[in-house]
There are 2 protein chains.
Amino acid sequence: MELRNVFTFVRIVDLGSFTKAAQELGYSQSTVTFQIKQLESELGIPLFDRIGKKISLTPLGEEFLCFAIDLMKTTSQIKSIGSQIGMNKAKLRVGIIESLFIGRLAELIPEYFRLMPSTQIETKTSDGVKLYQMLRSNELDIIYVLDRKIYQKDCIRAFASPVKIVFVASSQHPITKEKKLSISDILKQPLILTERDSIYRKELEETLALSDIELTPFLEVDNTSIIMKLIKKGLGISFLPEYIVQEDARKNKLAILPVDGYDITLYSQVFYNKNKWVSPQMKLFVNLLSNQT
Amino acid sequence: MELRNVFTFVRIVDLGSFTKAAQELGYSQSTVTFQIKQLESELGIPLFDRIGKKISLTPLGEEFLCFAIDLMKTTSQIKSIGSQIGMNKAKLRVGIIESLFIGRLAELIPEYFRLMPSTQIETKTSDGVKLYQMLRSNELDIIYVLDRKIYQKDCIRAFASPVKIVFVASSQHPITKEKKLSISDILKQPLILTERDSIYRKELEETLALSDIELTPFLEVDNTSIIMKLIKKGLGISFLPEYIVQEDARKNKLAILPVDGYDITLYSQVFYNKNKWVSPQMKLFVNLLSNQT
DNA sequence: GTCTCCCATCGAAAAAATTAATGGATGTGA
DNA sequence: TCACATCCATTAATTTTTTCGATGGGAGAC
């Protein structure tokens, strides 16, 4: 049973005539006759009595009509699926590195729910390498990572914004007295760094490797919020994205250290899988980030 | 959009694979790919993300799935239309002559509703000629008439049962004393007859016409119940179907008069239109009459 | 009776669905 | 890492289905 025939059937009932239905639907009359015959034989029931030049529904035809109208209703609902964009419950699986969640994404979440209240956001925090993997295997819809601006296979970059990575200490720390610092000044201090997989930790190590220096942090913590708390207590120096320390720097709780020759810049970037349909939920995610001050 | 494609879609979602769905549905894999492509282009929305060798529903695909399942449910309901025979609300339009309603049909109605409680019976009482007309123009589904057993154009006879038409008088009437009556004895009495269109009135008139006798009833009433009441009060003699006077005759309220040479027999008959689908409602109607004692 | 209207039928034509074969991409397992 | 198998996409050919035009029969209108 195909919908074409069902629609023809309903139109016939409305108009009370095969011929009129044919005209209206742009079929020839014989086509309509054939369609109804086909329906009747598929269903194994007679739909119309043909008496004289009038047709009338059989009782079974009446029954069928109810369901046929059901089918038409559902079909018209289906046709409007695309239109009420994003107004339906949909999931958005976001992969993100921890520092960007705290420093960038968190403040946008209320706005996101204001604009698309029906979305169910699932976040997964992990390091960039794992996030790329998960994006490629479609475990995530979109990822927000910090990285160099390089090509990523199968991934489309939807957004990129430069981010300085800075050395930071407590504003009470004696080292803040210095107007100019060299890398050796820094390395004399106890270092608190993120885990080895963290992209800016890697960047730092690579840069230092050029000068044949090896990095020996006295503490590794995978959580930037904790690192910041420790730094504020004067426990040492860290190397963190600017966005995460900016606020505390403005409040004079933390100080960004001017280290000569170590202006490292990465990009916060949003990617999605190149084979992925870009949903309104994903678009909004990118838009909000793009408009972020 | 055709249901074939929708079913394939649902099967793919169930099995998580185009290939498996193709195997199960007996299609080649390219057919399934084509069907989904067709659906996606008709709806203007992407249904699946094809990432790596895995497929997954897009949010819009998820939405569509709900409706698709709706369509499948309705379709499976449709397939069972024929099966629960007559269990659904259906109308039965019955044409009947008044005397058969009173004398035959009335007592069967409770049984009818016991067996097919969902039927809505509409009855139309009229004379035979009008009932045949209405049957031919599909204003009635079935008619129950008294007539000679002759061919009726476009009508199928579903049932016939002989019915004697008899002269009847009050059991108190002096004429009941006679063991044998001739037609002239009858005609001396005041006659109460049904209207001119009534078939047994016509039969009587035709038979009398052979002997060149013209009928002059002193009263015409189109309602046999009323006629019987009048007869019982001793107002005269009537000519009525046996079935309608039988009960009163048994109770000795009425007497059937033995009139020599006037054994007129007609048939109570059920007809339906030859082009009409015979519904379970109609079948039951015929069956109950056939089994009537 | 003739004419028109309506549905059924039939063979031809058009359109659509289906297939088999092939290819590209992606995991998998030695 | 290199075959190998798996999965979906593509294409051209084939088969099936749908549609059409012409014709016919029956019923109702004038």
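A note on names: the letters A, B, ... follow the listed sequences, proteins ahead of strands, and every chain is numbered from 1.
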In whole Å, I'd like the distance from the CE atom of B:M1 to the P atom of C:dA16. 17 Å
Please list, chain by chain and in numerical order, all residues satisfying side-chain hydrogen bond (donor to acceptor under 3.5 Å, both in side chains) with B:R4, sequence neighbours excluded. A:E2
Using distance alone, with no hydrogens and no angle criterion, decide if A:S28 and A:T31 have a side-chain donor and acceptor under 3.5 Å apart. yes
Taking the nucleotide of DNA chain D with the closest heavy atom to each, which residue, B:R50 or B:K274, is nearer the 5' end? B:R50
What nucleotide, of D:dC20, C:dT18, C:dC6, holds the atom closest to the side chain of A:T19? C:dC6
Under 3.5 Å side-chain donor-acceptor pair for B:T19 and B:Q23: no
Looking at B:E62 and A:K89, is there a salt bridge between them, counting it only when a charged N and a carboxylate O are closer than 4.0 Å? no
Measure the distance from CD on A:Q23 to P on D:dC20 and round it to the nearest whole Å. 13 Å
Whole Å only: how far is the CD atom of A:Q38 from the C1' atom of D:dT16? 12 Å
First of B:S30 and A:R136 reached from the 5' end of DNA chain C, by closest nucleotide: B:S30
If you define the side chain from C-beta out and look only at heavy atoms, does anything of A:S279 sit under 4.5 Å from A:D141? no
Base, sugar-phosphate, or nothing for B:K54, non-hydrogen atoms under 4.0 angstrom? nothing
Can you tell me how far P of D:dT18 sits from CG of A:L3, to the nearest Å? 13 Å
First of A:N275 and B:T31 reached from the 5' end of DNA chain C, by closest nucleotide: B:T31
Taking any heavy-atom pair under 4.0 Å as a contact, classify A:N5: base, sugar-phosphate, or nothing. nothing
Shortest side-chain distance from A:Q29, nucleotide among D:dT18, C:dA8, D:dA27: C:dA8
Rounded distance (Å) that lies between atom P of D:dC7 and atom NZ of B:K37: 21 Å
With a non-hydrogen cut-off below 4.0 angstrom, is B:Q35 in contact with a base, only sugar-phosphate, or nothing? sugar-phosphate
Please state how far atom CZ in B:F34 lies from atom P in D:dC7, giving the value in whole angstrom units. 23 Å
Mind checking if A:Y27 touches a base, just sugar-phosphate, or nothing, with heavy atoms under 4.0 Å? sugar-phosphate
Could you check B:S137 against B:K53 and say which one's nearest nucleotide on DNA chain D is further toward the 5' end? B:K53
For atom CD of A:E2 and atom C1' of D:dT19, their distance in whole Å: 16 Å
Ignoring backbone atoms, establish whether A:T33 has a side-chain N or O less than 4.0 Å from OP1 or OP2 of C:dA8. yes
What nucleic acid atoms does A:I51 come within less than 4.0 Å of, heavy atoms only: base, sugar-phosphate, or nothing? nothing
Rounded to whole Å, CG of B:N138 lies from P of D:dG28 at a distance of 11 Å
